[in-house]
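Every heavy atom of this structure was used, including side-chain atoms; hydrogens, water molecules and symmetry mates were not.
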Amino acid sequence: MKAEKKKAMIALALIVGLLLIDQAIKVAIKLNMNLGESIHITDWFQLVFVENNGMAWGMEIGSKLVLSAFRIVAVGVLTWYLFKRIKVGARMGYIVVLAMITAGAAGNIFDSLVYGQIFTESLPYYMPSASPSQVVAWGNGYAPMLMGKVVDMFYFPLFHGHFPEWFPFWGGEKFVFFSPVFNFADSCISVGVFLLFIFYRKDFNGWTPKHDTIKAETESVHE
């Protein structure tokens, strides 16, 4: 029981910590930059303020309201699954990975739930009247609850080039690698999923250290 409680506390602390980092970055961008404005840090890393209505990495799929509701359900299921795995003795590394994915999903939900209620609309930097968004009283923001936009800012144009002339559809056109603009929450999800498939696939299928213990005890009895 003590081990389970310790894992639960670590998972909860990690989720809260990652959420705070994610929101601190987003709020700083929202209050200090205009939409589309960029800060050049290096040739391969920039801060670019964009907003999107959709899922991770700027994708937009279907109704915003339906998507927000789906996100809330998904985070609820993830949280339930996380603490269920803690109860059955899952490895600490697997718990950390699940906590990262849960925190990332929750971070983007928070934008949809809250930002439209407490921020004024962010305007494009090229508009004469553009100024950074401001905090307003609850309910006086730019959108109803669940309809707020997700804030993205990390842009890594690692290199530029042209597609070969023979390349289908885009032959001769310019391309940028890597072009998506994303946020800290997206990174938590992506890194968590990557680690899950590389190191914790058997944990995802229900394996726990207890299985090896039971197997060893069974083999010793038969001997």
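The side-chain heavy atoms of V50 and M153, taken from C-beta on, include no pair separated by under 4.5 Å. In this structure the side chain of Y115 reaches within 4.5 angstrom of the side chain of K26, judged on heavy atoms. Using a 4.5 Å cut-off on side-chain heavy atoms (C-beta onward), T120 and S133 make contact. In this structure, L113 and M145 have side chains that are in contact, with non-hydrogen atoms separated by less than 4.5 Å. Between D22 and C188, the closest side-chain pair of non-hydrogen atoms is not below 4.5 Å. Here the side chains of L19 and F110 are not in contact, with every heavy-atom distance at 4.5 Å or above. Between L31 and V135, the closest side-chain pair of non-hydrogen atoms falls below 4.5 Å. Counting heavy atoms from C-beta on, the side chains of P132 and M33 never come closer than 4.5 Å.
In terms of heavy atoms, S38 sits closest to V48 at CB-CG2, 3.7 Å. Among all heavy-atom pairs drawn from A11 and L82, the shortest one is CB-CD2, 4.2 Å. Counting all heavy atoms, side chain and backbone alike, S112 lies closest to R71 at OG-NH1, 3.1 Å. A pairwise comparison of heavy atoms in Y155 and S179 identifies CE1-O, 3.3 Å as the closest pair. When all heavy atoms are compared, the tightest approach of A185 to N108 is CB-OD1, 3.7 Å. Shortest non-hydrogen contact noted between L98 and R85 is CD1-CG, 4.2 Å.
Remark: the D111 side chain and the N183 side chain contain no N/O donor-acceptor pair separated by less than 3.5 Å. Judged purely by distance below 3.5 Å, without hydrogens or angles, the side chains of Q117 and N140 never pair a donor atom with an acceptor atom.
In this structure, CG on L18 lies 11.5 Å from CD1 on I101, to the nearest 0.5 angstrom. To the nearest 0.5 Å, atoms CD1 (I189) and OG1 (T102) are separated by 9.5 Å. Atom CD1 of residue I29 and atom CG of residue N34 lie 11.5 Å apart, to the nearest 0.5 angstrom. Atom-to-atom distance recorded for K7:NZ and M92:CE is 7.0 Å, nearest 0.5 angstrom. Expressed to the nearest 0.5 Å, how far OH of Y94 lies from CZ of F199 amounts to 15.0 Å. With rounding to the nearest 0.5 angstrom, the NE2 atom of H40 is 11.0 Å from the CG atom of L47.
The backbone N or O of L146 sits less than 3.5 Å from a side-chain atom of S68, completing a donor-acceptor pair. The main-chain N or O of F49 is never found under 3.5 Å from a side-chain atom of E37 such that the two would form a donor-acceptor pair. Judged purely by atom type and a 3.5 angstrom limit, D186 has no side-chain atom pairing as donor or acceptor with the backbone of F182. Remark: the backbone N or O of K149 is paired with a side-chain donor or acceptor of Y142 at under 3.5 angstrom.
For CZ of F197, the number of neighbouring non-hydrogen atoms (other residues, nucleotides, ligands) closer than 6.0 Å is 12 at most.
V77 and F70 are assigned to two separate hydrophobic clusters, defined by single-linkage of ILVMFWY side chains at heavy-atom distances under 4.5 Å. Under the 4.5 Å side-chain heavy-atom criterion for Ile, Leu, Val, Met, Phe, Trp and Tyr, I109 and L20 are members of distinct hydrophobic clusters. A single hydrophobic cluster is not seen to contain both F119 and V136; linkage of ILVMFWY side chains at heavy-atom distances under 4.5 Å, directly or through other members, places them apart. Note: the hydrophobic cluster containing L14 also contains F194 (ILVMFWY, side chain heavy atoms under 4.5 Å, direct or indirect links). Placement of I41 and F184 within a single hydrophobic cluster is found when ILVMFWY residues are connected by side-chain heavy-atom separations under 4.5 Å, directly or transitively.
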| task | Mind running side-chain contact (heavy atoms from CB on, under 4.5 Å) on V114 and W138 for me, showing each step along the way? | result | CA-CA 9 Å; V114 176; W138 181 268; 4.0 Å; yes
| request: Check step by step if side-chain contact (heavy atoms from CB on, under 4.5 Å) holds for Q46 and I39. | output: CA-CA 6 Å; Q46 301 174 31; I39 298 175; over 6 Å; no
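Ion pairing between D203 and R91 holds under the 4.0 Å rule for side-chain N and carboxylate O.
As a member of the Ile/Leu/Val/Met/Phe/Trp/Tyr network built from side-chain separations under 4.5 Å, L123 groups with Y125, Y126, M127.
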